[in-house]
Amino acid sequence: MKLCFATNNQNKLREIQALLGDRFELVTLADIGCTEDIPEPYDTIQENAKAKSSYVSEKYGIDCFADDSGLVVPSLNGEPGVHSAYYAGPQRSHDDNIALLLKNLSGVEDRNAYFLTVISLSLGNTYYAFEGRAHGKIIDEKRGSGGFGYDPAFVPDGQDRTFAEMTLAEKSQISHRSIAFAALIDFLDHH
Ligand code: ITT
C-alpha cells in the first residue's frame with residue numbers, strides 16, 4: 001500500500017522504517033515534490049498533526065499520515081508541549097531546549113513527564129487519529145548520546161537508563177512513537 005509519510009525528519013524516518021519493515025510502500029514529502037514548509041498553526045499536538053496530513057492529502061491528492069510529537073511536563077503546565085521543537089528559540093537546538101527545560105525544572109520536585117505522539121491518517125475523505133505516550137521522569141543532567149531531542153534527560157518508567165542511553169531498537173520497544181505507530185499499523189492491517 002502506497003502512503004506518504006509527511007516528514008522531513010530523518011531521525012523519525014529511520015525509526016518508522018525500522019517499525020514498518022516492507023509492509024508499506026512509504027513515500028516521503030521529497031518524493032511527492034512537497035518542499036514547502038507545511039503550516040502547523042495550532043495550539044495542540046492533535047490539531048497540528050491533522051493540519052499536516054490534510055495539507056498533503058488535499059494539495060497532492062495522496063493518502064497520507066503525519067505525526068506530531070512533544071514532551072509534556074505537567075509541573076510546567078504542559079510545557080514544552082506543542083513548542084517542544086523550538087522551546088528555547090527559533091534555532092530549534094536540542095541542546096538549548098534541554099538546557100532550558102533543566103533550568104525551568106531546577107528546584108521542582110515533580111519531575112514527571114511524558115512524550116506524546118499523535119498520528120493523523122488521511123485515507124480517502126476520512127481522518128483517523130492514533131496516540132502513543134511514554135511516561136517517565138526528567139533527570140537533572142544529560143546522559144547518553146543516542147536518540148534526539150530531549151532523550152538524554154528522559155528516563156522512562158521502569159528503566160534506569162535515559163532514552164539516549166538505549167539503542168534505537170530498545171527505545172522503539174517502549175516509545176510513544178512506537179505505540180502510536182503500532183496503533184496505525186493495526187488499523188491499516190484491518191482496514
Ligand atoms: P517534523 O519536521 O517532522 O515536525 P520535529 O523535529 O518537529 O520534526 P516532532 O514534531 O516529532 O519532530 O517533535 C517535536 C519535538 O519534540 C522534537 O523536535 C523534539 O524536541 C521533541 N521530541 C519528539 N519526539 C521525541 C523523542 O522521541 N525523543 C526526544 N525528543 C522528542
Side-chain angles (χ1 to χ4, degrees), residues 4-19 26 28-32 34-56 64-73 76 78-102 104 113-120 129-139 142-156 159 161-182 184:
C4 177
F5 179 17
T7 186
N8 289 309
N9 180 323
Q10 290 304 319
N11 292 300
K12 283 198 320 205
L13 200 68
R14 271 210 333 269
E15 288 194 13
I16 302 319
Q17 225 130 51
L19 292 171
L26 285 191
T28 65
L29 289 174
D31 292 329
I32 62 169
C34 176
T35 53
E36 65 272 25
D37 272 343
I38 301 175
E40 295 176 46
Y42 297 108
D43 286 338
T44 66
I45 290 172
Q46 283 84 351
E47 286 172 299
N48 281 331
K50 185 171 177 191
K52 275 195 272 187
S53 72
S54 63
Y55 179 94
V56 172
C64 161
F65 62 89
D67 74 326
D68 200 22
S69 303
L71 177 72
V72 180
V73 183
L76 297 178
E79 290 291 311
V82 75
H83 309 298
S84 291
Y86 49 88
Y87 188 40
Q91 71 278 19
R92 291 176 172 253
S93 154
H94 294 320
D95 285 343
D96 293 354
N97 289 341
I98 291 187
L100 180 61
L101 177 68
L102 296 186
N104 288 344
Y114 62 90
F115 282 113
L116 168 66
T117 292
V118 177
I119 299 169
S120 171
F130 308 91
E131 283 197 16
R133 289 174 193 225
H135 290 269
K137 291 205 165 28
I138 304 299
I139 55 173
K142 293 200 285 181
R143 289 194 337 230
S145 55
F148 70 105
Y150 299 90
D151 281 347
F154 181 83
V155 175
Q159 308 286 323
R161 289 175 300 160
T162 67
F163 265 165
E165 291 175 303
M166 297 180 182
T167 63
L168 180 55
E170 287 172 328
K171 178 183 169 187
S172 292
Q173 282 186 354
I174 52 175
S175 81
H176 47 301
R177 196 166 291 106
S178 306
I179 294 167
F181 272 90
L184 170 72

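Both ligands and their constituent atoms are indexed starting at 1 by order of listing.
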### Task
Supply the atom-to-atom distance Arg177 CZ to Phe115 CZ, rounded to the nearest 0.5 angstrom.
8.5 Å
### Query
Which atoms from ligand 1 have a heavy atom of His176 less than 4.0 Å away?
24 (N), 25 (C), 26 (C), 27 (O)
### Task
Establish, from distance only, whether the side-chain atoms of Gln46 and Glu131 form a donor-acceptor pair under 3.5 Å.
yes
### Task
Find the distance between SG (Cys4) and CG (Asp31) and round it off to the nearest 0.5 Å.
8.0 Å
### Message
Can you confirm whether the side chains of Tyr87 and Asn104 place a donor and an acceptor under 3.5 Å from each other?
### Response
yes
## Note on the structure
Of all protein heavy atoms, the one nearest atom 24 (N) of ligand 1 is Arg177 NH2, 2.6 Å
### Query
Would Phe163 and Phe148 count as a close aromatic pair, with their ring centres under 6.0 Å?
no
### Task
Check whether any heavy atom of Asp68 sits under 4.0 Å from an atom of ligand 1.
yes
### Task
Verify whether one side chain among Ser175 and Ser172 offers a donor that lies under 3.5 Å from an acceptor in the other.
no
### Message
Polar contacts were defined as any N/O atom of the residue lying under 3.5 Å from an N/O atom of the ligand; does this apply to Lys171 and ligand 1?
### Response
yes
### Task
Using distance alone, with no hydrogens and no angle criterion, decide if Glu40 and Tyr55 have a side-chain donor and acceptor under 3.5 Å apart.
no
### Message
Is there a side chain to side chain contact (heavy atoms under 4.5 Å, CB included) between Asn48 and Ile45? Walk through the geometry before answering.
### Response
CA-CA 5 Å; Asn48 281 331; Ile45 290 172; 6.0 Å; no
### Summary
Here the atoms of ligand 1 under 4.0 Å from any heavy atom belonging to Phe148 are 24 (N), 25 (C), 26 (C), 27 (O), 28 (N), 29 (C), 30 (N), 31 (C)
### Query
Got the closest protein heavy atom to atom 9 (P) of ligand 1, with its distance?
Lys12 NZ, 3.6 Å
### Task
Measure the distances from the heavy atoms of Asp151 to every atom of ligand 1 and state whether one is below 4.0 angstrom.
yes
### Task
Just go through Phe163, Phe115, Phe154 and tell me whose heavy atom is the nearest to atom 31 (C) of ligand 1.
Phe115
### Query
For atom 7 (O) of ligand 1, what's the nearest protein heavy atom and its distance?
Ala85 CB, 3.9 Å
### Query
If you count the atoms of ligand 1 from 1 in the order shown, which ones are under 4.0 Å from a heavy atom of Lys52?
4 (O)
## Note on the structure
Closest to atom 13 (O) of ligand 1 (heavy atoms only, candidates Ser84, Ala134, Ser69) is Ser69
### Task
Please verify whether a non-hydrogen atom of Gly70 lies at under 4.0 Å from ligand 1.
yes
### Task
Report the nearest protein non-hydrogen atom to atom 6 (O) of ligand 1: residue, atom name, distance rounded to 0.1 Å.
Asn9 ND2, 3.2 Å
### Message
Counting C-beta onward and ignoring hydrogens, is there a side-chain heavy-atom pair between Met166 and Gln159 closer than 4.5 Å?
### Response
yes
### Message
Below the 3.5 angstrom mark, is there an N/O of Asn8, backbone or side chain, next to an N/O of ligand 1?
### Response
no
### Query
Which residue owns the protein heavy atom closest to atom 20 (O) of ligand 1, what's the atom, and how far is it?
Tyr150 CE1, 3.2 Å
#### Entry: Residues Asp151, Lys171: salt bridge by 4.0 Å N-O rule
yes
